[in-house]
Amino acid sequence: TTSLLLTHLGKEVSRDRDQVLVKSTKRFNTDAPYDLVRRMRASALVLGPLLARKMKASASLPGGCLIGSRPIDIHLEGFEKLGAKTQLKDGTITLSAQKLKGANIPLRFPSVGATENLLMASALCPGRSTIRNAAREPEIVDLCNFLNEMGAQIIGGGSSVIRVVGQPKLHGAVHRVIPDRIEAATYLIAGAATRGKIWVTNVDARALRLICKVLTAAGLKIKIENGPKGCAEDKILCEYKGKIKPVCVVTGPYPLFPTDIQAQWMALMALANGRSVIVESIFENRFLHAAELLRMGAKISIRSNRAVVKGNERLTSANVMVSDLRAGAALVIAGLSAKGKTTVHRVYHLDRGYESLESKLKQVGAKIWRLR
């Protein structure tokens, strides 16, 4: 979807194995149409760069996973601070500006998407910008590094205050994207849930400290082998050593427990020896997977943003339905650990966040295949 969107905007996109090459062309569109945006929420991230480049941009309200209200009002408030006018009509956001100017931008919440969008806009915005209460995720640090490689002047990535000195233009660069910490955590939890022993390689162990900590608290053996300094080539072992212990978690912005791991953790806690509590503090409707886990024999009760999980030693197979990306990962983990054959429907959600999920799981012994 990202490649299709970039092509629509006028870029030439090609892929060779794990490399993506993006080239400029003479064509330049400033709109992100509904047919593309509805497939992936991250499509809204074209607004900042388009506004900075062309002083105008438009995009349909983003789609994606059904995990509650996910407005982009924090993005728009930031754009207005930079000097843009925003308009919402018939489900389309339109931005326009005579000129932009660096500004002090305090965020009401450390939104990852808003921080990313405002970083890209302010990198080309004349003057100095300061983003306060910025998101601190490793992905923000990676974006800051990438923009700096392209000629931007950004300091403070990974802290709550990021300062940007706008540049007249940026240039091309070669960049290695950091490993996906959510994908890595999913595989670690899958190994735990199936009572296995799994090595997850080519990861940044620093970004997974909290996940390793809670897995250790749950009774798993965790071992980290660090790769060369400065390279994200670490290895993490997760090994089942006995009954899984219940561990309570509360989701929150990085470096707290990720909301994108909450569903997978619930699947693991459904197999724990005791009672655990999961509090979801980011999204108000991110327990949709609980109903499907109940169909597999899990014991879960939901009240508002709080889930109480009473662990079973084993789940049973069932036909289950995916509601969102991470719920899909949770149901796959539950299916791998369950007795019998589980069929997971609507797996297209998984393809937005996991590349060749079933192939990677097969490599470590899972009996899993995709029905076309």
Side-chain angles (χ1 to χ4, degrees), residues 1-2 4-11 24-64 68-135 140 143-144 147 150-154 156 160-170:
T1 301
T2 301
L4 291 172
L5 180 57
L6 289 172
T7 301
H8 169 82
L9 295 175
K11 302 298 180 182
S24 298
T25 67
K26 293 182 179 180
R27 188 167 56 90
F28 203 125
N29 293 319
T30 59
D31 68 298
Y34 172 74
D35 186 52
L36 294 175
V37 174
R38 68 181 176 84
R39 305 183 198 178
M40 186 177 67
R41 179 175 175 77
S43 301
L45 293 177
V46 302
L47 288 171
L50 289 176
L51 175 66
R53 288 283 304 277
K54 294 294 183 179
M55 296 295 114
K56 62 180 181 178
S58 65
S60 297
L61 282 173
S69 175
R70 304 175 75 186
I72 63 169
D73 51 332
I74 299 177
H75 304 229
L76 302 184
E77 290 168 6
F79 292 142
E80 289 173 354
K81 291 279 187 181
L82 293 173
K85 293 181 180 180
T86 65
Q87 183 182 31
L88 174 60
K89 184 178 180 182
D90 299 330
T92 298
I93 302 159
T94 301
L95 306 179
S96 61
Q98 292 295 321
K99 64 177 182 177
L100 299 176
K101 185 179 180 181
N104 182 46
I105 309 171
L107 304 185
R108 290 185 285 107
F109 177 83
S111 162
V112 173
T115 302
E116 291 169 336
N117 236 338
L118 294 170
L119 274 172
M120 291 185 285
S122 57
L124 286 170
C125 184
R128 297 175 181 269
S129 296
T130 302
I131 304 172
R132 302 185 185 276
N133 196 27
I140 297 295
L143 175 60
C144 290
L147 290 171
M150 298 177 72
Q153 288 190 24
I154 302 171
S160 60
V161 179
I162 302 177
R163 304 182 191 279
V164 186
V165 179
Q167 302 300 303
K169 65 183 297 184
L170 301 180

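In this text the structure is predicted, and so the values were computed from the model without any measurement. Side-chain atoms are counted along with the backbone in the values below, which use heavy atoms only and exclude waters and symmetry mates.
- The backbone N or O of H8 sits less than 3.5 Å from a side-chain atom of R27, completing a donor-acceptor pair.
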Using side chain to side chain contact (heavy atoms under 4.5 Å, CB included), reason through T94 and K89 one step at a time and then give a plain yes or no. CA-CA 8 Å; T94 301; K89 184 178 180 182; over 6 Å; no
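- In terms of heavy atoms, P110 sits closest to A135 at O-CB, 3.5 Å.
- Nearest heavy-atom pair across A121 and F79 is CB-CE2, 4.1 Å.
- Side-chain contact between I72 and N117 is absent, with no heavy atoms from C-beta onward closer than 4.5 Å.
- A distance of 12.5 Å separates CD1 in I105 from CD1 in I74, rounded to the nearest 0.5 Å.
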Go through it in stages, so that I can follow the logic: the residues are S111 and H75, the test is side chain to side chain contact (heavy atoms under 4.5 Å, CB included), and I'd like the CA-CA distance, side-chain angles, deciding distance and then a yes or no. CA-CA 9 Å; S111 162; H75 304 229; 4.1 Å; yes
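- Listed here is the closest heavy atom pair of A59 and L47: CB-CD2, 3.8 Å.
- The 12-atom threshold is exceeded at NZ of K11, counting heavy atoms of other residues, nucleotides or ligands nearer than 6.0 Å.
- Separation of atoms CD1 (I162) and CG (L119) is listed at 4.5 Å; rounding is to 0.5 Å.
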CA sep, side-chain torsions, deciding dist, call: L124, L100, side chain to side chain contact (heavy atoms under 4.5 Å, CB included): CA-CA 9 Å; L124 286 170; L100 299 176; over 6 Å; no
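- Atom CG of N104 and atom CG of L82 lie 10.5 Å apart (nearest 0.5 Å).
- Remark: the backbone N or O of V164 is not paired with any side-chain donor or acceptor of S122 at under 3.5 angstrom.
- In plain terms, the two heavy atoms of A84 and A97 that are nearest each other are CA-CB, 4.0 Å.
- Partners of D90 under the side chain to side chain donor-acceptor pair (under 3.5 Å) rule, at least two apart in sequence or in another chain, do not exist in this structure.
- Contact record, A32 with L5: CB-CD1, 3.9 Å, taken as the closest heavy-atom pair.
- With values rounded to the nearest 0.5 angstrom, K81 atom NZ is found 12.0 Å from T130 atom OG1.
- Between the T30 side chain and the L50 main chain, no donor and acceptor come within less than 3.5 Å of each other.
- With S129 contributing its side chain and A103 its backbone, the two residues share a donor-acceptor pair below 3.5 Å.
- The minimum heavy-atom distance between L9 and D31, with the atom names listed, is CD2-O, 3.3 Å.
- Note that the OG1 atom of T115 and the CE atom of M120 stand 10.5 Å from one another [nearest 0.5 Å].
- Of the possible polar contacts, none joining the N133 side chain to the P106 backbone as a donor-acceptor pair under 3.5 Å is found.
- R163 CZ to R132 CZ: the interatomic distance, rounded to the nearest 0.5 Å, is 5.5 Å.
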